Amino acid sequence: MADDLSAVANFLYEAGTLKQTRRTGWWMAGVRDPESVAEHAWRTSLIASIIAELEGADPARAAFLAVWHDSQETRTGDVNYLGRKYSPTADPRDVTADQTAGMPEGLASTVRNLIAEYEAKESPEAVCARDADKLECMLQGIEYKTQGYENAQRWIDNSRGRLVTETARRLADELLEHGSLDWLRAALGEKRD
């Protein structure tokens, strides 16, 4: 292989920092140890594939967009909405260009194009991935509220109100109707309360 993969190796270590990077908005809701950006991106990708499949878009592409959507936060951190009021956020496309510098051009171009597509909010897959981001936040809020963090209701309501696709809105309604352990009851064959 003629391509130098040292920049790719560096990026893989860099990406690993997202496993320790906390989603800071949850601190305002009183959550002491909120989910990491990596945890959020994983479930967002899963949700994106589901929404895309049900919306008639490409589920693999939507998941691909979602898994990369917060990758820039290795360099910027997770800046919550209040923080953005005081500190302008870097353009994700610019951060991605820096992150992919030195990578084999085909790979770098693919990643830069993914981020550009996500940020443009125009393709069906980008719309599904963006809805998945909001739906995952809503779902996490429901789980935090179940754990006693009543202030998470603001995130639940705000996320629900920003959904675009019919599938995401319908899924949000279902999530709000179910308890966080209904899946376990169903798996065990127990009746829902």
Side-chain angles (χ1 to χ4, degrees), residues 15 17-55 57 59 61-74 76-87 89-90 92 95 114-115 117-121 123-183:
T17 67
L18 293 177
K19 295 193 306 186
Q20 287 81 41
T21 303
R22 298 292 164 207
R23 298 209 357 119
T24 62
W26 292 117
W27 288 331
M28 290 179 214
V31 178
R32 291 181 188 204
D33 187 26
E35 67 175 334
S36 71
V37 173
E39 290 166 323
H40 164 72
W42 175 79
R43 189 158 64 176
T44 298
S45 299
L46 188 67
I47 295 168
S49 69
I50 292 167
I51 293 172
E53 178 65 33
L54 295 174
E55 285 286 318
R61 181 76 179 174
F64 199 25
L65 290 163
V67 80
W68 285 90
H69 85 282
D70 281 339
S71 60
Q72 308 79 27
E73 292 182 8
T74 61
T76 64
D78 178 58
V79 181
N80 61 58
Y81 287 108
L82 179 60
R84 291 177 191 168
K85 177 179 176 182
Y86 302 101
S87 177
T89 58
V95 177
L114 278 171
I115 299 307
E117 180 180 348
Y118 183 83
E119 293 300 320
K121 308 173 195 170
S123 72
E125 292 77 16
V127 172
C128 291
R130 294 182 81 80
D131 261 9
D133 182 35
K134 294 170 190 75
L135 193 59
E136 199 288 325
C137 185
M138 187 193 98
L139 181 53
Q140 187 64 62
I142 293 168
E143 291 170 341
Y144 284 146
K145 188 172 178 188
T146 300
Q147 294 170 19
Y149 297 104
E150 291 298 319
N151 290 333
Q153 187 64 50
R154 177 183 179 91
W155 282 258
I156 296 167
D157 295 340
N158 287 342
S159 296
R160 172 61 179 92
R162 295 170 57 211
L163 297 172
V164 174
T165 63
E166 178 65 23
T167 298
R169 289 192 299 263
R170 287 181 56 217
L171 190 50
D173 292 342
E174 285 295 326
L175 290 167
L176 290 166
E177 290 292 318
H178 285 76
S180 63
L181 286 181
D182 283 353
W183 71 270

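What you see is a predicted model; the values in this text were computed from it and never measured.
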Next on the checklist: Please tell me whether T17 and Q20 have a donor and an acceptor in their side chains that are separated by less than 3.5 angstrom.
Outcome noted: no

Checklist entry - Between H69 and R130, is any pair of side-chain heavy atoms under 4.5 Å apart? => result no

Checklist entry - Is T21 close to T74 at the side-chain level, that is, under 4.5 Å between some pair of heavy atoms? => result no

Item to check | Side-chain heavy-atom pair Y144, P34 within 4.5 angstrom cut-off | outcome: yes

Next on the checklist: Run the side-chain hydrogen bond (donor to acceptor under 3.5 Å, both in side chains) test against E73 and tell me which residues pass, sequence neighbours left out.
Outcome noted: none

Item to check | Residues, nucleotides or ligands: over 12 heavy atoms within 6.0 Å of R84 CZ | outcome: yes

Checklist outcome for this item: When rounded to the nearest 0.5 Å, the distance separating CH2 of W27 from CG of D33 is 9.5 Å

Checklist entry - Do Y118 and V127 have side-chain heavy atoms sitting under 4.5 Å apart? => result no

Next on the checklist: Quick one, E39 with S36, criterion side-chain hydrogen bond (donor to acceptor under 3.5 Å, both in side chains). Give me CA distance, side-chain angles, the key distance, then yes/no.
Outcome noted: CA-CA 5 Å; E39 290 166 323; S36 71; 3.3 Å; yes

Next on the checklist: Assess the residue pair D78 and R22 against the criterion (side-chain contact (heavy atoms from CB on, under 4.5 Å)); give the C-alpha distance rounded to whole Å, side-chain angles, the decisive distance to 0.1 Å, and a yes or no.
Outcome noted: CA-CA 7 Å; D78 178 58; R22 298 292 164 207; over 6 Å; no

Checklist entry - Atom CZ of R170 and atom CG of L175: how far apart are they, to the nearest 0.5 Å? => result 12.5 Å

Item to check | Distance, nearest 0.5 Å, that separates CG of N80 from NZ of K85 | outcome: 12.0 Å

Checklist entry - Can you find a pair of side-chain heavy atoms, one from R23 and one from C137, that are under 4.5 Å apart? => result yes

Checklist entry - Does the pair K134 and M138 meet the rule for a side-chain contact (heavy atoms from CB on, under 4.5 Å), with working shown? => result CA-CA 6 Å; K134 294 170 190 75; M138 187 193 98; over 6 Å; no

Next on the checklist: L171 vs L135, test: side-chain contact (heavy atoms from CB on, under 4.5 Å). Steps then yes/no.
Outcome noted: CA-CA 8 Å; L171 190 50; L135 193 59; 3.5 Å; yes

Next on the checklist: Could you work out, with side-chain contact (heavy atoms from CB on, under 4.5 Å) as the rule, every residue matching T167, not counting sequence neighbours?
Outcome noted: I51, L54, E55, T165

Checklist outcome for this item: Taking every heavy atom of E125 against every heavy atom of A57, the minimum-distance pair comes out as OE2-CB, 3.7 Å

Item to check | Electrostatic pair E117:R61 at N-O distance under 4.0 angstrom | outcome: yes

Item to check | Closest contact, heavy atoms only, L46 versus S49 | outcome: O-OG, 2.7 Å

Item to check | Any side-chain heavy-atom pair of N151 and M28 under 4.5 Å | outcome: no

Next on the checklist: If only side-chain N and O atoms count, and only distance matters, is there a donor-acceptor pair under 3.5 Å linking H40 with E136?
Outcome noted: yes

Checklist entry - So, D182 side chain and G179 main chain: donor-acceptor pair closer than 3.5 Å or not? => result yes

Next on the checklist: To check you understand the geometry: which heavy-atom pair defines the closest contact between A90 and T76, and what is its length?
Outcome noted: CB-CG2, 4.2 Å

Checklist outcome for this item: OG (S87) and CG (L82) are apart, to the nearest 0.5 Å, by 11.0 Å

Next on the checklist: Run the ring pair (Phe, Tyr, Trp, His ring centres under 6.0 Å) test against W155 and tell me which residues pass, sequence neighbours left out.
Outcome noted: W26

Checklist entry - Any idea which heavy atoms bring R32 and Y149 closest together, and the distance? => result N-OH, 3.9 Å

Next on the checklist: Please report the interatomic distance SG(C128) to CD1(I50), rounded to the nearest 0.5 Å.
Outcome noted: 11.5 Å

Checklist outcome for this item: d(S45 OG, F64 CZ) to nearest 0.5 Å is 10.5 Å

Checklist entry - Any side-chain heavy atom of D70 sitting closer than 4.5 Å to one from L18? => result no

Item to check | Carboxylate-amine/guanidinium proximity below 4.0 Å for D131 and R169 | outcome: no

Checklist entry - Could you go step by step and tell me if V37 and K19 meet the side-chain contact (heavy atoms from CB on, under 4.5 Å) rule? => result CA-CA 6 Å; V37 173; K19 295 193 306 186; over 6 Å; no

Checklist outcome for this item: Closest heavy-atom pair, K145 versus A152, reported as atoms and distance to 0.1 Å, is N-CB, 4.1 Å

Checklist entry - How far apart are the closest heavy atoms of V79 and T24, and which atoms are they? => result C-OG1, 4.4 Å

Next on the checklist: Is there a side-chain contact between S71 and I115 in this structure, where contact means two heavy atoms from C-beta onward sitting under 4.5 Å apart?
Outcome noted: yes

